Student: 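Before I ask anything, let me first share the structure, which is written out below as structure tokens.
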4 protein chains.
Amino acid sequence: MPDSSSVPSSPASYVVALSCPDGPGIVHAVTGVLAHLGGNITDSQQFGDPDTGRFHMRVQVTADLDEASLRGAFAPVAQRFGMEWTLDALGRPLRTLVMVSKAGHCLNDLLFRTRAGQLPVDVAAVVGNHRDLEPLAGFYGVPFHHLPVERGAAAGGPGSKEAAEAALLALVDELDVELVVLARYMQVLSTDLCRALSGRVINIHHSFLPSFKGARPYQQAHQRGVKIIGATAHYVTADLDEGPIIEQDVHRVDHGMATAELQAIGQDVEAQVLARAVRWHAEHRVLLDGHRTVVFR
Amino acid sequence: MPDSSSVPSSPASYVVALSCPDGPGIVHAVTGVLAHLGGNITDSQQFGDPDTGRFHMRVQVTADLDEASLRGAFAPVAQRFGMEWTLDALGRPLRTLVMVSKAGHCLNDLLFRTRAGQLPVDVAAVVGNHRDLEPLAGFYGVPFHHLPVERGAAAGGPGSKEAAEAALLALVDELDVELVVLARYMQVLSTDLCRALSGRVINIHHSFLPSFKGARPYQQAHQRGVKIIGATAHYVTADLDEGPIIEQDVHRVDHGMATAELQAIGQDVEAQVLARAVRWHAEHRVLLDGHRTVVFR
Amino acid sequence: MPDSSSVPSSPASYVVALSCPDGPGIVHAVTGVLAHLGGNITDSQQFGDPDTGRFHMRVQVTADLDEASLRGAFAPVAQRFGMEWTLDALGRPLRTLVMVSKAGHCLNDLLFRTRAGQLPVDVAAVVGNHRDLEPLAGFYGVPFHHLPVERGAAAGGPGSKEAAEAALLALVDELDVELVVLARYMQVLSTDLCRALSGRVINIHHSFLPSFKGARPYQQAHQRGVKIIGATAHYVTADLDEGPIIEQDVHRVDHGMATAELQAIGQDVEAQVLARAVRWHAEHRVLLDGHRTVVFR
Amino acid sequence: MPDSSSVPSSPASYVVALSCPDGPGIVHAVTGVLAHLGGNITDSQQFGDPDTGRFHMRVQVTADLDEASLRGAFAPVAQRFGMEWTLDALGRPLRTLVMVSKAGHCLNDLLFRTRAGQLPVDVAAVVGNHRDLEPLAGFYGVPFHHLPVERGAAAGGPGSKEAAEAALLALVDELDVELVVLARYMQVLSTDLCRALSGRVINIHHSFLPSFKGARPYQQAHQRGVKIIGATAHYVTADLDEGPIIEQDVHRVDHGMATAELQAIGQDVEAQVLARAVRWHAEHRVLLDGHRTVVFR
């Protein structure tokens with residue numbers, strides 16, 4: 001979480017995202033705080049889930065005060081309703097670390113969109129278990145860190161998964177990373193790492209989950225003869241391929257397409273689905289609702 | 001507008017849809033009225049359009065009071081902000097009249113969905129300028145009215161457009177019709193009729209507007225060699241094919257499809273787009289925002 | 001297979017669909033037979049699957065001869081290449097039996113399209129294990145047969161699955177049924193029946209297979225929080241939900257939709273996917289390629 | 001057209017694409033030539049357009065002979081049926097020149113796909129009327145040529161449209177360019193240039209043609225309140241925005257999206273539609289059929 005003491009010289013815009021047990025009066029209380037501060041609500045969405053009994057809200061507000069004051073004013077109502085909440089300057093780039101292996105389509109897409117101003121993230125580092133994408137990171141001026149994971153490495157020793165994950169956590173700490181994106185990173189994270197970064201890691205899975213979990217989904221799709229393939233962006237949990245889904249999309253295929261062509265089509269879908277998930281997360285549009293997500297688009 | 005004096009014996013659900021000039025405090029004032037009455041907001045969406053300066057809101061509320069009391073309590077805040085507003089019992093079927101010519105795909109779809117409980121409308125009558133669809137209306141127990149429009153008819157005389165429109169307006173009045181759906185009704189409404197029923201007539205246009213306005217759009221699409229065709233549901237205004245768009249959808253086509261096949265595919269899209277537009281309108285999800293619509297899905 | 005002895009008085013159109021082991025000269029041999037008979041090829045598609053080593057072809061031809069002559073002329077080349085093949089008059093309606101339970105959206109869609117001339121089938125009978133859809137069949141003039149399947153019925157006795165399936169097979173035989181469509185028929189067919197009607201039964205599964213096999217897929221989809229739902233039309237085999245896929249389609253959903261709404265949206269997709277599968281099958285566009293299908297659209 | 005005298009040491013694969021007046025015997029004649037040469041057809045598609053009376057065919061063949069021999073053997077049948085035809089080594093990269101202005105999303109996409117082996121093109125040069133994308137071309141090792149077009153430039157003088165087009169034609173000639181791609185090149189080509197490069201220039205138009213022709217289509221789309229936006233790849237003709245359509249695609253939008261967001265979504269669609277059109281063209285899958293295209297996917 002960044003330093004919130006900066007004082008804007010003119011009206012500033014903020015986003016508040018919150019979840020709490022559902023009940024009467026929440027919206028009125030939230031809007032009351034904001035109105036009392038002279039804030040103008042420019043966008044607001046709510047959703048109460050009858051299954052989980054949780055209430056979710058995202059509100060954008062423009063006000064002539066600094067973030068610390070707004071935070072202080074909001075804290076009592078948050079406490080009263082037992083809210084989990086986030087308050088951020090609207091559009092502030094999220095400090096992001098991207099993990100990759102050899103396939104560059106997702107990384108290329110993320111970096112291009114970021115430079116084009118379409119993704120509110122600040123890519124602080126690219127981490128690869130291979131060096132293939134170092135030049136691409138370099139072209140966009142992003143530091144590349146090579147953290148190899150070798151099969152034969154002694155546990156905890158150089159090249160081991162433990163060593164790579166320890167180095168990753170150190171980077172996350174050192175660079176104040178708020179979001180880790182697995183952009184076709186072909187390693188399974190350890191349970192400990194999943195827990196340490198819970199809610200802060202987004203993965204792109206190359207199938208329409210829950211179909212074709214695990215490895216080689218395009219080959220599975222080809223063998224099953226499906227007529228549509230897809231991709232799924234989800235939060236990473238210790239339960240592989242079962243984390244809360246943020247976004248999915250699909251593309252039509254036909255019998256004439258070999259596995260390689262399914263893969264090429266699928267990569268387009270992967271890049272776009274991942275970009276949408278990252279953008280919505282960075283804009284605080286994604287809220288956890290049990291094992292599902294609420295996405296205020 | 002139905003009689004609002006009914007007294008629910010237990011908590012009842014309502015929907016309020018409103019538009020007004022944008023400004024601070026609107027959401028807080030609206031939620032304040034509802035909170036004061038002990039209402040519980042179950043769904044709420046807002047949108048302020050920076051282009052038009054208009055604010056739009058739709059809120060569903062459950063409360064232990066009757067509609068008249070709620071209406072009375074809400075009126076002052078509505079007046080204060082200069083709102084155009086609707087208050088209705090949630091899920092109340094809208095009294096609807098469907099106009100047809102010979103093609104039955106949209107009528108069949110609307111009647112089937114209504115019986116299946118998927119469309120909150122009560123189809124009070126089907127009006128056709130031909131008799132082809134009388135049996136279909138009959139199967140669903142809906143009265144059919146034949147109002148022919150003949151080319152050679154004397155203006156105002158039997159079979160004339162003027163006579164048909166006068167009879168239609170009489171039906172609308174007699175049956176307390178709240179919504180008129182042009183379900184592939186192949187006649188252009190007069191400017192006077194458009195004005196008399198402004199905001200209450202939905203048409204399905206068999207193209208992806210603004211492409212291929214006017215007649216024979218599938219033939220136009222075939223000749224131009226487009227790779228995608230579509231349909232558009234819009235409110236009817238005096239300016240033909242230019243009314244505010246409620247919903248659109250498309251389907252992929254290819255060079256091998258003759259005009260007749262484009263038409264068959266297009267009819268699927270028409271029926272679905274129209275059904276969505278009618279449902280959203282009947283659920284008070286569609287608000288006018290200048291020449292555009294805001295759709296709170 | 002219908003009597004093929006009818007003699008057309010003028011050029012007639014035929015469709016030939018064939019599969020055989022891949023190898024050189026097949027297309028040339030097939031087109032040679034047709035050219036020799038003075039036939040004009042109006043449409044032709046081929047596909048050789050490198051995985052299965054099978055070659056598939058569908059060709060439409062117009063010729064001034066009757067079906068028996070064409071069949072006789074084609075038999076030698078079919079034998080030479082070891083073809084499985086079908087020859088039919090182009091557009092001949094396939095004699096079809098539709099099986100239903102209580103939900104009518106697919107039946108309504110099939111019957112409406114058939115009457116509208118969009119589906120080349122002749123619905124000879126509707127079979128239901130409940131009577132709910134008898135009036136709908138009646139409206140379209142199709143005989144309805146009630147074959148109840150009751151849980152407590154003695155095996156083989158009245159109301160038993162064995163009795164219902166025996167009656168179904170008798171109907172198929174008596175009515176010369178070429179295609180059986182399970183239009184949301186909520187019973188699992190026995191292995192024996194699956195084998196007896198192999199390649200002639202199309203089912204619509206209410207999920208995007210292979211996701212959410214088995215019962216209550218919309219509830220499963222809601223619980224998993226997927227962002228897209230779908231439907232799958234497939235040939236029925238003894239291996240439940242694993243038969244060759246003919247067609248699939250999907251629709252976007254979001255967190256705000258309850259299971260019932262997913263179901264309503266899903267039913268639209270089901271009806272359309274099933275209609276496409278039935279049409280393609282009836283037009284001899286679907287060829288089996290191992291556990292997959294080749295669809296010449 | 002490249003030198004066709006190379007001699008493959010083992011069976012080589014070719015693609016033949018042809019168009020001619022429709023009539024009996026074409027497929028048989030074509031497949032006869034190929035069978036006579038010992039060729040094995042691995043893929044073949046045909047389409048006879050009843051509107052234009054033109055027949056189109058694309059066939060892939062593997063044979064143990066060089067391109068010149070195949071060309072020589074095919075020429076007589078081509079002449080006999082009055083064919084326009086192309087014969088090429090399957091997968092041979094097309095020599096391509098990409099024209100750009102300032103927006104890089106399409107160029108980035110084309111270069112990334114080309115390097116990833118997904119596009120059978122060899123990008124010989126990037127030409128820009130601005131220098132903004134020179135570094136991106138450089139990263140992919142493609143020479144960049146700056147051909148400015150300035151409003152105030154004297155006709156034919158430095159910086160004039162005439163000078164830029166002359167330099168472009170010289171480049172096309174010098175580099176043996178087979179395909180020119182306008183990847184959001186914001187200049188209208190002269191009628192003379194359109195004619196000189198007829199059938200060899202593909203443009204991406206940032207709307208779903210024929211909607212919103214001309215400038216600022218996303219602003220037009222926003223103002224009209226459409227619910228879906230799209231992009232169109234087409235061959236460039238002297239008649240602006242009216243050239244034969246190769247591919248189109250769309251994306252859903254809603255009332256909450258400002259013009260800038262429509263533009264960002266639209267750019268994704270643009271890049272993908274253009275990439276598909278370029279790939280299909282380079283694979284000789286696109287055939288002209290009057291003002292339409294036949295696309296053998």
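Here the structure is a predicted model, which means the values were calculated and not measured.
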Student: Is there any residue in residues 261-278 of chain B with a non-hydrogen atom under 4.5 Å from a non-hydrogen atom of chain D, and which ones are they?
Tutor: B:R276
Student: Are B:H222 and D:D51 side-chain neighbours, meaning at least one heavy-atom pair lies under 4.5 Å?
Tutor: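 B:H222 vs D:D51: side chains touch.
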Student: Pick from B:V295, B:I246, B:T232, B:D249: which one makes a side chain to side chain contact (heavy atoms under 4.5 Å, CB included) with D:K227?
Tutor: B:V295
Student: Could you look at B:H56 and say if it's the side chain, the backbone, both or neither that has a heavy atom under 4.5 Å from chain D?
Tutor: neither
Student: Hey, which of D:R252, D:E242, D:R297, D:H291 has the most heavy atom pairs under 4.5 Å with chain B?
Tutor: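 Of the options given, most contacts go to D:R252.
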Student: Ignoring hydrogens, what is the shortest heavy-atom contact between B:S211 and D:F208? Give both atom names and the distance.
Tutor: OG-O, 4.1 Å
Student: Mind listing the closest non-hydrogen atom pair of D:H255 and B:F296 along with its distance?
Tutor: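 Taking D:H255 first and B:F296 second, the nearest heavy atoms are NE2-CE2, 4.2 Å.
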Student: List the atom of B:R224, the atom of D:D241, and the distance in Å for their closest heavy-atom pair.
Tutor: NH2-O, 3.2 Å
Student: So, for B:V226 and D:L209, which heavy atoms are closest and what is the spacing to 0.1 Å?
Tutor: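 Smallest heavy-atom distance, with atoms named: CG1-O, 4.0 Å.
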